[in-house]
There are 2 protein chains.
Amino acid sequence: MPRKASTTAPAKAPRKTSRKVASAAKQAAPIKTDVIHAGNCIEIMNSLPEKSVDLIFADPPYNLQLGGELHRPDNSRVDGVDDAWDKFESIAAYDKFTREWLAAARRVLKDDGGLWVIGSYHNIFRVGAALQDMGFWVLNDVVWHKTNPMPNFRGTRFTNAHETLVWCAKSPDAKYMFNYDAMKQLNDGTQMRSDWALPLCTGAERLKSDDGGKLHPTQKPESLLYRVLMASTQPGDVVLDPFFGTGTTGAAAKRLGRHYIGIEQDPGYIAAARRRIAAVEEIEDKQLLLTPSKRTEPRVPFGAVVERGMLQPGALLTDASGRFTARVHADGTIISSEHRGSIHQVGAAVQGAPACNGWTFWHVQNGSDRVSIDVLRQQIRAEMTQSIQ
Amino acid sequence: MPRKASTTAPAKAPRKTSRKVASAAKQAAPIKTDVIHAGNCIEIMNSLPEKSVDLIFADPPYNLQLGGELHRPDNSRVDGVDDAWDKFESIAAYDKFTREWLAAARRVLKDDGGLWVIGSYHNIFRVGAALQDMGFWVLNDVVWHKTNPMPNFRGTRFTNAHETLVWCAKSPDAKYMFNYDAMKQLNDGTQMRSDWALPLCTGAERLKSDDGGKLHPTQKPESLLYRVLMASTQPGDVVLDPFFGTGTTGAAAKRLGRHYIGIEQDPGYIAAARRRIAAVEEIEDKQLLLTPSKRTEPRVPFGAVVERGMLQPGALLTDASGRFTARVHADGTIISSEHRGSIHQVGAAVQGAPACNGWTFWHVQNGSDRVSIDVLRQQIRAEMTQSIQ
DNA sequence: ACGCAATTTGAATCTGTCT
DNA sequence: TAGACAGATTCAAATTGCG
């Protein structure tokens, strides 16, 4: 039950907008965006208006439970995650923390909004189970296949070469946002899979501290956020990140014409994030951000084709092979030897199929070859889009 | 803290063997192997001697919760999993079932034994959390990257293209078995990663029922079990599969010189498994079984170039001569004055050619000269080839 | 028998909107 | 709110069919 992006309106415009109170509520309490809040994410999320953000991306502490120091075969020391924010007393304490921030996130998320959480095997089962227990509806688990992971230096296990993201909606019947066509384009024309091959955040993209080391131990690559935001938001949407860190989510959001709200406890990270996001250049031509989708093109009833005289009552329709035929009636229904109804209904009936897209199924003779009646729809749509502007 | 297979002695020889009574206990109550037990897996596991098996591989019901019928775009019907054994009243009921069979599995597993469970996002968080709660120690979560998954026919989500396996030991300090070198060899000399690219079980390997359809709805490929058994058992080990189905685990175990114990409720599956395993020929030279998949050059979608920031949305592309131009969109499509589509489509369209390799046709300005965008693809491939097995 | 085309199939939580 | 209806939607492999 995904929502789809609109081609005509850059603003979020699900078809039901007019019937929804959500937009009114949003205007009543417009949430402040493109800001970073300093402090505890649970408290701050609870201070924000409820049902006010379109997407939440969360990269919570993983509760890594590392042992002592780890060294590479050449004896150099591995700079692991040993920060205080990743320490929990027990699994139960981690579960409690997880369910508390998820509850606050659920409250601030719009009913049709999306939620992403990234983690590893240390914590992702706790997170995933909590999500399901709290009523979230998992849409996909997505694997980030790291193209350049850190090897397992001891040779004791498989190279830990991926992380897992859970993408979910707020409920099973929510109208979540999914830019199917944009994802397909991004993958050279075939469906985007649930496993994404992307490199770690290294090189110039990786923020450095004064001593030259990495500023944040788990900075995510912007490419990962790029895909997340392209997949599940529209331009102008509000994206909340309760574990903002050095602001990868904010940088990607700004780059893609989305608004961000960051929450972060560490003043050093916040300062770095502000500098980083300020340096991001927004795309000037907003048209570049649009991701057209067939689903949101204006509907054209077949009757409009007859009405405009593009087909006369009595005109003969056939399928591509010429095996099935039907005639057009003045009211936009069509009639075959045994069935009468819409182009879709008759197309399905003559084939004995459960469904049929009549626009692509039926053809008309044009000189020596057959042409799909969908070209007639295209002509009408072309006229419609011109008249709008 | 893995045990390693000894290169000199084929028998199991963990370093601490001399301090253990396990081998004596095993001789006192030799467990009957290479059998299939008919019945409920919890009851039967509880009837087996405790701490008696070296490895457990479990492919439990996933609790898929499918809706109505699903059809492909060509209107053919998808043969989904609608078996009674995959139906549970609630998440709580599934959790209860999970923890009961895991408790029985824990009892029958040796202290240094390994446990694998495979699942999807529907159930794997429940399983993973239960494992951690019960004291198991997760060693890796392993992603089975399906090379030929079923697409998402409605265009509503990402193609569900992987499943997850959790590999764990019985406790944090257990001396589990891991054949590091065998895995490394299997992966062309570099460490085996936590994501495995393997095809689905299809073709001649897939067991058929009398009506020609699939005999079991979720038969796993033997290649998956090969890798599991090669990684975490030694020849002669006893492998238990409490959800034996049509015996993939048994077939792989026999092929690799391991012993199996299967538990299965369905008499039809048991009969098929017996026939199947009887037909398996044990191979003397285990090395012959190592069949690293031939690697083709990874396909790189143009979107990956944009996503990684190697080209910004709005970037100008030209052909080698500068005669044609196009601009990059955020979703990886490009737009010329008259055409929109992939780099290949637009390249063909502007030339009026039937086809075009966009990677070599389009260039970007780099200082004073133009560079083919194919160099960007080469960079990405260089990263990927290090990481794909 | 061989080569090419057409058909089949796989663990799937698989629609949106208006009346 | 339940029902009707428009109409959008698939990839890699293996197998079968045909010339």
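Residue numbers start from 1 in every chain, and the chains themselves are labelled A, B, ... in the order their sequence lines are given, proteins ahead of strands.
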Donor-acceptor side-chain pairing of [X] and [Y] below 3.5 angstrom:
| X | Y | result |
| --- | --- | --- |
| Trp116(A) | Ser232(A) | yes |
| Ser120(B) | His122(B) | yes |
| Arg308(A) | Gln379(A) | no |
| Arg276(B) | Thr248(B) | yes |

Practice prompt. Return the stacking result for dA12(C) and Phe153(B): yes when the ring centres lie under 5.5 Å apart and the planes under 30°, no otherwise.
Written response: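 So no, this residue does not stack on that base, at least one cut-off failing.
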Taking atom [atom2] of [N] as reference, at what distance in whole Å does atom [atom1] of [X] sit?
| X | N | atom1 | atom2 | result |
| --- | --- | --- | --- | --- |
| Lys214(B) | dT9(C) | NZ | P | 9 Å |
| Gln345(A) | dA6(D) | CD | C1' | 9 Å |
| Phe158(B) | dT10(D) | CZ | P | 15 Å |
| Ile380(A) | dA6(D) | CD1 | C1' | 15 Å |
| His216(B) | dT9(C) | NE2 | P | 18 Å |
| Asn357(A) | dA8(D) | CG | C1' | 7 Å |
| His71(B) | dT9(D) | NE2 | P | 18 Å |
| Asp74(B) | dG10(C) | CG | C1' | 13 Å |

Worksheet entry | Approximate separation, where rounding is to 0.5 Å, of Asp86(B) CG and Leu64(B) CG |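 The CG atom of Asp86(B) sits 4.5 Å away from the CG atom of Leu64(B).
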Under 4.0 Å, heavy atoms only, any strand: does [X] hit a base, just the sugar-phosphate, or nothing?
| X | value |
| --- | --- |
| Ser342(A) | sugar-phosphate |
| Asn63(B) | nothing |
| Lys184(A) | sugar-phosphate |
| Gly213(B) | nothing |
| Asn152(B) | base |
| Glu163(B) | base |
| Trp359(A) | sugar-phosphate |
| Asp59(B) | base |
| Arg377(A) | sugar-phosphate |
| Pro60(B) | base |

Is it true that, when you exclude [X] itself, more than 12 heavy atoms of the residues, nucleotides or ligands shown sit nearer than 6.0 Å to its [atom1]?
| X | atom1 | answer |
| --- | --- | --- |
| Glu307(A) | CD | no |
| Lys51(A) | NZ | no |
| Arg323(A) | CZ | no |
| Lys96(B) | NZ | no |

Nearest of [options] to any side-chain atom of [X]?
| X | options | answer |
| --- | --- | --- |
| Pro151(B) | dG10(C), dT9(D), dT13(C) | dG10(C) |
| Arg154(B) | dG7(D), dT13(C), dA11(C) | dG7(D) |
| Met150(B) | dT13(C), dT9(D), dC14(C) | dC14(C) |

Using atom [atom1] in both nucleotides, what's the gap between [N] and [M] to the nearest angstrom?
| N | M | atom1 | value |
| --- | --- | --- | --- |
| dA6(D) | dT13(C) | C1' | 25 Å |
| dT9(D) | dT9(C) | P | 25 Å |
| dA11(C) | dT7(C) | C1' | 23 Å |
| dA1(C) | dT16(D) | P | 16 Å |
| dG7(D) | dC14(C) | P | 23 Å |

With a cut-off of less than 4.0 Å, is there a side-chain N or O of [X] near OP1 or OP2 of [N]?
| X | N | answer |
| --- | --- | --- |
| Arg77(B) | dG10(C) | no |
| Tyr62(B) | dT13(C) | no |
| Tyr176(A) | dT15(C) | no |
| His344(A) | dG7(D) | yes |

Fill in: Evaluation steps, salt bridge (Lys or Arg N to Asp or Glu O under 4.0 Å), between Arg381(A) and Asp374(A)
CA-CA 10 Å; Arg381(A) 279 183 174 156; Asp374(A) 205 39; 5.5 Å; no
Discussion item. I want to verify the glycosidic state of dT15(D); is it syn or anti under the 90° rule?
Written reply: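 Nucleotide dT15(D) adopts anti.
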Worksheet item: Looking at the rings of Trp137(A) and Tyr176(A), which for Trp means the six-membered one, are their centres under 6.0 Å apart?
Response: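 They do not qualify: ring centres at least 6.0 Å apart.
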Item to complete: Please confirm whether Trp144(A) and Trp196(A) have ring centers closer than 6.0 angstrom.
Response: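 No: the rings miss the under 6.0 Å criterion.
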Discussion item. On DNA chain D, does the nearest nucleotide to Pro301(A) precede the nearest nucleotide to Gly189(A) from the 5' side, or the other way round? Give the residue.
Written reply: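 Result of the comparison: Pro301(A).
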Response to the item:
Under a 4.0 Å heavy-atom criterion, the protein footprint on nucleotides 12-19 of chain D, written with B, S and -, is SSSS----
Worksheet item: What pattern of brackets, bars and dots sums up DNA chain D from 5' to 3', given Watson-Crick or G-U wobble pairs under 3.5 Å, [ ] for crossing pairs and | for another strand?
Response: .|||||....|||||||||
